[in-house]
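Computed from heavy atoms alone, side chains included, the values below leave out hydrogens, waters and symmetry copies. Read the numbers this way: they start at 1 and go in the same order the structure lists the ligands and their atoms.
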Amino acid sequence: MNRQYKVFYPKNLVSFVDKDDFIPFSSYKSYPIEQMQRRSEDFLSNIQRRRTIRHFSDKPVPKEIIENCLKAAGTAPSGANRQPWHFSVISDQEIKKQIRHAAEEEEKKFYSGRAPDEWLEALEPLGTDENKPFLEVAPYLIVIFSEVHGLDSEGEKINNYYVSESVGIATGMLITALHNAGLATLTHTPSPMNFLRKILKRGKNERTFLILVTGFPSDDAKVPNITKKNLDEYTTFI
Ligand code: IYR
């Protein structure tokens, strides 16, 4: 069969590929079972050390490390391979300050009335409040946008599929890559987040997904004394 399918790539590059134009999966790497066992254990003990932190150092992080982690995120699977994400990476001190001020404005409203008491109670163990100094202190703020729909070269809408799932997966891979590189992160969601699209001059077809704050933890960083569920609490094998 030789049918041709229209395929949309990021940056609205439109091309035609042949449905039969599949290539061998030569990047696949297999390991002996014992090695697989060992690798899964090693990965588990590494990822179990990940914690969300709110106390960052201003120690600079080489841009190449961030770029590599973003490239790792960019390998994420996505609905129809539309890759409906955009990462705005902010190290500019002035923009960080603007973001902090705008976020704190929203958070003040959240903590002093907008959030129901029950939500504030749920947040108590995390010790969060309206002050967000980390938005200025951390060397990088990665603001993640979901592309609700794409645009072709004529400005016509291109559908994206499973956008939240796709952007969520890419974000998870980014968090994992940053942790693996030796950086700490905070997933921060000031609500509402519309101000970020304006400050960062993103298109109307994009929605702010979240801010990923990243850098080194400060020397005196503390984390809440909370635990994760056990496997049997969130899994059923059938
Ligand atoms: N956006 C607020 C509140 C907040 C909400 C949730 I759900 C959290 O897990 C943590 C915080 C803030 O960042 O303080």
Atoms of ligand 1 close to [X] [distance to a heavy atom under 4.0 angstrom, numbered from 1]:
X: F110; value: 3 (C)
X: K132; value: 12 (C), 13 (O), 14 (O)
X: L123; value: 3 (C), 4 (C), 5 (C), 6 (C), 8 (C), 9 (O), 10 (C), 11 (C)
X: T189; value: 1 (N)
X: Y111; value: 2 (C), 3 (C), 12 (C), 14 (O)

*asked:* Is it the case that ligand 1 has an N or O less than 3.5 angstrom from some N or O of H188?
replied: yes
*Could you tell me whether S191 and ligand 1 have an N or O pair separated by under 3.5 Å?*
no
*For residues S112 and R114, is any side-chain donor paired with an opposing acceptor at under 3.5 Å?*
no
*asked:* Is it true that N81 and Q83 share a donor-acceptor pair across their side chains at a distance under 3.5 Å?
replied: yes
*asked:* Looking at every heavy atom in both L141 and L135, which two are closest together, and how far apart are they?
replied: CD1-O, 3.4 Å
*Decide yes or no for L200 and I90: does some side-chain heavy atom of the first lie under 4.5 Å from some side-chain heavy atom of the second?*
yes
*State, yes or no, whether a side-chain contact exists between I226 and R51 at a heavy-atom distance under 4.5 Å.*
yes
Looking only at protein heavy atoms, identify the closest one to [atom] and say how far it is in Å.
atom: atom 2 (C) of ligand 1; answer: E107 OE1, 3.1 Å
atom: atom 7 (I) of ligand 1; answer: W119 NE1, 3.7 Å
atom: atom 9 (O) of ligand 1; answer: L126 CD1, 3.7 Å

*Report the C-alpha separation of E106 and K132 in whole Å, then their side-chain angles, then the decisive distance to 0.1 Å, and conclude whether the side chain to side chain contact (heavy atoms under 4.5 Å, CB included) test is met.*
CA-CA 11 Å; E106 296 297 350; K132 305 297 174 192; over 6 Å; no
_Does the plane of the ring in W119 sit parallel, tilted or perpendicular to the ring in F110? Use 30° and 60° as the thresholds._
perpendicular
